[in-house]
Amino acid sequence: MYDLTFHLFVFLFISLLMLPFFLLTIVFVVYARIQAYLEELKGREQKFKNIDYLIAIFQDEKSDSSLLEEALNAFNEHFMRFGSASKDSKEYQGCIDFIAAFSKCANMHIDDVVRHREIFVKENPNYKKEIETVIGSALKNREDKAKK
């Protein structure tokens with residue numbers, strides 16, 4: 001009916017009209033993926049502000065060294081200074097439980113535990129005895145477990 005150039009012209013014209021629709025679709029898909037990624041990061045950041053989650057990371061024997069390092073950095077950032085907390089408070093008990101889990105973790109080298117013991121004591125001099133007792137007993141239990 002019409003020649004090939006007419007059909008080619010109509011096809012190109014319709015394609016040109018549809019181009020903004022395709023571009024907007026691509027932009028919205030990329031935007032949605034970026035938003036999902038940011039929400040995931042925000043959720044992960046919130047998890048690392050929870051002391052119980054940090055303790056669970058060190059109690060899990062399958063945790064890799066990068067996750068352990070990230071959890072330790074989160075503890076140092078959010079919970080390191082607990083010197084003003086009373087010994088009966090949940091905050092104090094959570095920090096002591098973290099230090100015990102950190103010390104018992106088989107994936108942490110003993111040298112790292114000893115080095116961090118000094119850092120914990122330096123930041124919380126009021127609880128020097130408690131910190132050293134918890135780390136000492138955890139290392140002893142760790143050695144006893146290794147002997148068995």
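Scope of the values below: all heavy atoms of this structure, side chains included, with no hydrogens, waters or symmetry mates. On a predicted model such as this, the values are computed, not experimentally measured, just so you know.
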At their closest point, which heavy atom of [X] faces which heavy atom of [Y], and how far apart are they?
X: S103; Y: I135; value: OG-CG1, 3.3 Å
X: I51; Y: F98; value: CD1-CB, 3.9 Å
X: F102; Y: V113; value: CE2-CA, 3.9 Å
X: A71; Y: F58; value: CB-CE1, 3.8 Å
X: T5; Y: D3; value: OG1-OD2, 3.0 Å
X: R117; Y: E132; value: CD-CG, 4.1 Å

Rounded to the nearest 0.5 Å, what's the gap from [atom1] on [X] to [atom2] on [Y]? Could you check?
X: H116; Y: H109; atom1: NE2; atom2: NE2; answer: 12.5 Å
X: K122; Y: K128; atom1: NZ; atom2: NZ; answer: 13.5 Å
X: C105; Y: I55; atom1: SG; atom2: CD1; answer: 13.0 Å
X: N76; Y: R81; atom1: CG; atom2: CZ; answer: 9.0 Å
X: L139; Y: K104; atom1: CG; atom2: NZ; answer: 11.0 Å
X: T133; Y: I96; atom1: OG1; atom2: CD1; answer: 9.0 Å

With heavy-atom distances below 4.5 Å as the criterion, would you say the side chains of F120 and V134 are in contact?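 Counting from C-beta outward, F120 and V134 never come under 4.5 Å.
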With the side chain counted from C-beta on, respond yes when F75 and C95 share a heavy-atom pair under 4.5 Å apart, and no when they do not.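 A side-chain contact under 4.5 Å exists here.
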With no hydrogens and no angle check, is any side-chain donor or acceptor of N124 less than 3.5 Å from a backbone partner on N126?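 Looks like no, no N/O pair under 3.5 Å.
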Between the main-chain N or O of E69 and the side-chain N or O of N73, is there a donor-acceptor pair closer than 3.5 Å?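 Side chain of N73 to backbone of E69: a pair is present.
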Is the Y92 to Y127 ring centre distance short of 6.0 Å?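 Yes - the distance between ring centres of Y92 and Y127 falls below the 6.0 Å cut-off.
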With a cut-off of 6.0 Å (strictly less than), are more than 12 heavy atoms of other residues, nucleotides or ligands near [atom1] of [X]?
X: E40; atom1: CD; answer: no
X: R115; atom1: CZ; answer: yes
X: F9; atom1: CZ; answer: no
X: H78; atom1: NE2; answer: yes

Thinking salt bridges, do E70 and R44 make one under a 4.0 Å N-O criterion?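 A salt bridge links E70 with R44.
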For V29, what are the other residues in its hydrophobic cluster, where any two members join if their side-chain heavy atoms are less than 4.5 angstrom apart?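 Once heavy-atom contacts under 4.5 Å are chained together, V29 still belongs with nothing else.
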Enumerate, atom names and distances included, each donor-acceptor pair closer than 3.5 Å involving a side-chain atom of residues 14-25, sequence neighbours excluded.
from: S15; atom 1: OG; to: F11; atom 2: O; distance (Å): 2.8
from: T25; atom 1: OG1; to: F21; atom 2: O; distance (Å): 2.8

So, D97 versus Q93: side-chain donor-acceptor pair below 3.5 Å or not?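 Judged by distance alone, the side chains do pair up.
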